Every structure is written in C-alpha cells, then in structure tokens.
Amino acid sequence: MSKKPNGRLVTVIDSQQITPNMQRISFQADDLSDFPADAAGGYIKLLFTEQGDTDLSQLGADERPKMRTYTIRHLRQSLDQFDVDFVRHEHDHNGGGFAAHWSQSATVGDTISIAGPGEIKPINVDTDWYFLVADMTALPALAAQLTKLPATANSYAVIKINHGDDKQALTKPDGIEVIWVIANTAKTNLLTAVKTLTWQQGEVSVWCACEFSDMRALRTYFRNDKAIDKDNIYISSYWKSGCTEDGHKIAKRNDNEAQLSG
Ligand SMILES: Cc1cc2nc3c(=O)[nH]c(=O)nc-3n(C[C@H](O)[C@H](O)[C@H](O)COP(=O)(O)OP(=O)(O)OC[C@H]3O[C@@H](n4cnc5c(N)ncnc54)[C@H](O)[C@@H]3O)c2cc1C
C-alpha cells in the first residue's frame, strides 16, 4: 500500500447487525476493476480526519488521514461492491474508536474514503493439516482463508467470539472442525483452547490473527513449543487492548524489532 493513501470514495448501500457484536456494511464504489479478483480476505484502510470525521476535505495540505484497517469480507467485483464486517466494540469517540463509532451509526448514502487493498500473507496450502485461530476482528479474514484451503484440508479453526450468538455459518472443508471460544465464560482463553486440541502428525500450516497479548502467547506456543517452520506460519495482531490503532502500530513495530534482535 502506498505511503500517501489515495482515498477512494465509497458509499454505504446497506448496514446489517448480523450477530450481536458484528455489523456488516455493504459499500458501492465507482469502479473496483483494479482490485485483484481474490481481494476478499485482504485489507483496506478507512480514512478519517484527526477528529474522526470522514470528510477529508477538512484535512490540511500537509495533514495525513488517520487510518483504520479492515478486511474485505466479500467482493462483488462485477457490481463494484464489497462488504466489511465491523466488530461492535465500545468506544469513546474523543479518545479514538473512530471506525467503531462510524460503523455503528452509518446509514445508507453515507460516504467514506478507503485506501488499498493490501494483501495478507496467504496460508501455505500444501501441508498435512491446518490450525487457524482468530478473534472477532480476524473472523472475516479467517473466513476467507477457509475458502482457499484444499477440499481435503483437516483439523482446526479456533475462533473467539464475544457472545454465543456471534457464531457464523462458514464455508469450509468438511475436515475442518470449528471450535467457538466464547469470551467471558470459563473457556475464555484462546491459548488454553488451542492447547487442549490434539496435535496431529505431519506438517502443519498455522494461520493466526487476534489481539496483541493473545497473539504473543500463541506465538510462543506455535514457534517455541511446537517449532513450526516460519514458511508455515502467519501470526499477526489485529488490535491491542487499551490502545488505538495508532498505538497498536507502535507496539507492533517494537515487538517486531525485539523479535528480530532476540
Ligand atoms: C489486517 C487487519 C485486518 C482487520 N480487519 C478487521 C475487520 O474486518 N473487522 C474488525 O472489526 N476489525 C478488524 N481489524 C481490527 C481493527 O483495525 C481494530 O480493531 C481497530 O483498532 C478499530 O479501530 P477503531 O477506530 O474502532 O478503534 P481505535 O481508535 O483503534 O481504538 C479505540 C479503543 O477501542 C479498543 N478496541 C479496538 N478494537 C477493539 C475490538 N475489536 N474489541 C474491543 N476493543 C477494541 C482499543 O483497544 C482502544 O482502547 C483488522 C486489523 C488488521 C491489522
């Protein structure tokens, strides 16, 4: 993605609360023919002013927009339309939460500028079994990864949701078992849920995206305890509890540097 994002204005054509904590917004663009056909699962940046407004004409000449990262859940390229699933998280509009606030109040006809798409590292689809892990922010990306697995793929997709009713029907190979981990219950911990699953024989592909602290705990498990080859693992934090995306970006950079020097 370019350093200076070139905003593309898109219009809200639908907004549905698909589960208690997920808002699906459908967008109409003028022309998405330059998007890769397989852009579903890739990410876009939503662009805001410093105050969290979507009217970028308010930006000063040398002011950069604030960016929030979201996944393309579905792409309907022939119609120049796409969907994004927004976690309905709590926010204090003054301290951030620009995307949460916008997505919970957007109505048909509203517009917002986006940049992208960018591509996340694809899963290695040439292994004996698969281990996918996500929280609700990465559920849209995990859902896209599931559709890219071979029909014979087996083992696990572990997904942490905020409420039992946040489960979604997912298109997936029959051999992939979906394990829903419900927050605020006894089985609240992603790492515990992952560790209780039987480790299979043979080469594994791991795809994992979630909150920063959960990611670090899972990274230790997969990389250190299970010594998974780096080509067979995608592990990323999608947000950080207590930080806006800007703060998360800094924490992520520091963490990457510590990993490289450690
Ligand atoms: C590649 C990538 C793809 C992503 N795709 C999606 C997606 O499709 N859908 C999606 O919902 N998110 C997605 N995220 C996560 C999203 O970018 C962050 O949650 C982002 O911080 C939301 O911005 P905001 O303006 O709402 O809140 P911020 O201004 O960034 O944060 C305000 C406060 O809200 C808290 N917060 C942020 N996110 C959450 C959350 N999910 N639950 C509880 N508290 C939270 C922060 O810790 C902070 O305290 C993705 C992130 C990445 C890196």
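None of these values were measured; they are calculated from a predicted model. If you read the sequence from its start, that first residue is 1, and numbering goes on from there. Heavy atoms only: backbone and side chains are in, while hydrogens, waters and symmetry mates are out. When a ligand or atom number is given, it counts from 1 through the structure's own listing order.
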> For atom 17 (O) of ligand 1, state which one of Asn162, Asn21, Asp135, Thr69 supplies the nearest heavy atom.
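Checking each option, the heavy atom nearest atom 17 (O) of ligand 1 is found in Thr69.
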> Is it the case that ligand 1 has an N or O less than 3.5 angstrom from some N or O of Phe86?
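It does not: no N or O of Phe86 is found under 3.5 Å from an N or O of ligand 1.
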> Drop me the distance from Asn124's CG to Ile233's CD1, to the nearest 0.5 angstrom.
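If I round to the nearest 0.5 Å, the distance is 12.0 Å.
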> For atom 20 (C) of ligand 1, state which one of His101, Lys66, Glu245 supplies the nearest heavy atom.
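Result: the heavy atom closest to atom 20 (C) of ligand 1 is in Glu245.
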> Let me confirm one number: the OG1-CD1 distance from Thr69 to Ile120, rounded to the nearest 0.5 Å.
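Between Thr69 OG1 and Ile120 CD1, I get 11.5 Å after rounding to 0.5 Å.
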> Check for me whether Asp85 has a heavy atom closer than 4.0 Å to any atom of ligand 1.
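Under 4.0 Å: yes for Asp85.
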> Give yes if a backbone or side-chain nitrogen or oxygen of Thr244 is under 3.5 Å from a nitrogen or oxygen of ligand 1, and no if not.
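N/O-N/O distance below 3.5 Å does not exist for this pair.
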> Any salt bridge (charged side-chain N to carboxylate O under 4.0 Å, His left out) involving residues 250-259? Give me the pairs, sequence neighbours left out, ordered by first then second residue.
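Output for this query lists Arg216-Asp255, Arg219-Asp255.
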> What do you reckon, does Ser237 have a nitrogen or oxygen under 3.5 Å from a nitrogen or oxygen of ligand 1?
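Looking only at distances, the answer is no, because the N/O contact criterion of under 3.5 Å is not met.
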> Step by step, would you call Asp83 with Ser26 a side chain to side chain donor-acceptor pair (under 3.5 Å)?
CA-CA 4 Å; Asp83 301 332; Ser26 304; 2.8 Å; yes
> Relative to the heavy atoms of Ser241, which atoms of ligand 1 are at a distance of less than 4.0 Å?
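That gives atoms 47 (O) of ligand 1.
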> Just to be sure I'm reading this right: ignoring hydrogens, which of Val87, Leu46, Leu139, Thr71 gets closest to atom 5 (N) of ligand 1? Compare them by their nearest heavy atoms.
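Among Val87, Leu46, Leu139, Thr71, the closest heavy atom to atom 5 (N) of ligand 1 belongs to Thr71.
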> Please tell me whether Asp14 and Gln16 have a donor and an acceptor in their side chains that are separated by less than 3.5 angstrom.
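The criterion, which ignores hydrogens and geometry beyond distance, is satisfied for Gln16 and Asp14.
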> About how many Å separate OH of Tyr238 and NE2 of His248, when rounded to the nearest 0.5 Å?
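Here the interatomic distance stands at 10.5 Å.
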> Please determine if Gly96 has a nitrogen or oxygen closer than 3.5 Å to a nitrogen or oxygen of ligand 1.
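No: no nitrogen or oxygen of Gly96 is under 3.5 Å from one in ligand 1.
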> When you look for heavy atoms under 4.0 Å from ligand 1, do you find them on the side chain of Lys240, its backbone, both, or neither?
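The answer is the backbone of Lys240.
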> Indicate, as side chain, backbone, both or neither, the part of Arg68 found under 4.0 angstrom from ligand 1 when only non-hydrogen atoms are considered.
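Just the side chain.
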> Examine Pro140 against ligand 1 and note whether any of their N/O atoms are separated by less than 3.5 Å.
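Such a contact does not occur with ligand 1.
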> Going through the distances and angles, do Tyr70 and Phe86 end up as a ring pair (Phe, Tyr, Trp, His ring centres under 6.0 Å)?
CA-CA 8 Å; Tyr70 281 82; Phe86 294 80; 4.6 Å; yes
> Atom 22 (C) of ligand 1: which of Phe98, Trp239, Tyr70 has the nearest heavy atom?
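Among Phe98, Trp239, Tyr70, the closest heavy atom to atom 22 (C) of ligand 1 comes from Tyr70.
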> Does Ile120, backbone or side chain, put an N or O under 3.5 Å from an N or O of ligand 1?
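Checking ligand 1 against Ile120, no N or O pair falls under 3.5 Å apart.
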> Answer yes or no: does an N/O atom from His89 fall short of 3.5 Å to an N/O atom of ligand 1?
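Yes - when backbone and side-chain N and O of His89 are compared with those of ligand 1, one distance drops under 3.5 Å.
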> Can you confirm whether the side chains of Arg88 and Gln23 place a donor and an acceptor under 3.5 Å from each other?
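Yes, side-chain donor-acceptor contact under 3.5 Å.
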> Is the number of heavy atoms from other residues, nucleotides or ligands within 6.0 Å of NZ (Lys66) greater than 12?
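12 or below, so no.
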> With a 4.0 Å heavy-atom cut-off (strictly under), which part of Cys243 contacts ligand 1: side chain, backbone, both or neither?
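Within the 4.0 Å criterion, Cys243 contacts ligand 1 through backbone atoms alone.
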> For ligand 1, is there an N or O atom under 3.5 Å from any N or O atom of Val84?
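Between Val84 and ligand 1 (N or O atoms, distance only) the closest approach is not under 3.5 Å.
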> Identify which of Trp102, Tyr43, Tyr238, Phe48 has a heavy atom lying nearest to atom 51 (C) of ligand 1.
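That would be Tyr238.
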> According to the ring-ring contact (aromatic ring centres under 6.0 Å, His included) rule, which pairs have a member within residues 203-229, sequence neighbours left out?
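Qualifying pairs: Phe131-Phe222, Trp207-Tyr234.
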> Ion pair present between Arg68 and Asp246, side-chain N to carboxylate O less than 4.0 angstrom?
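Salt bridge between Arg68 and Asp246, a charged N being under 4.0 Å from a carboxylate O: yes.
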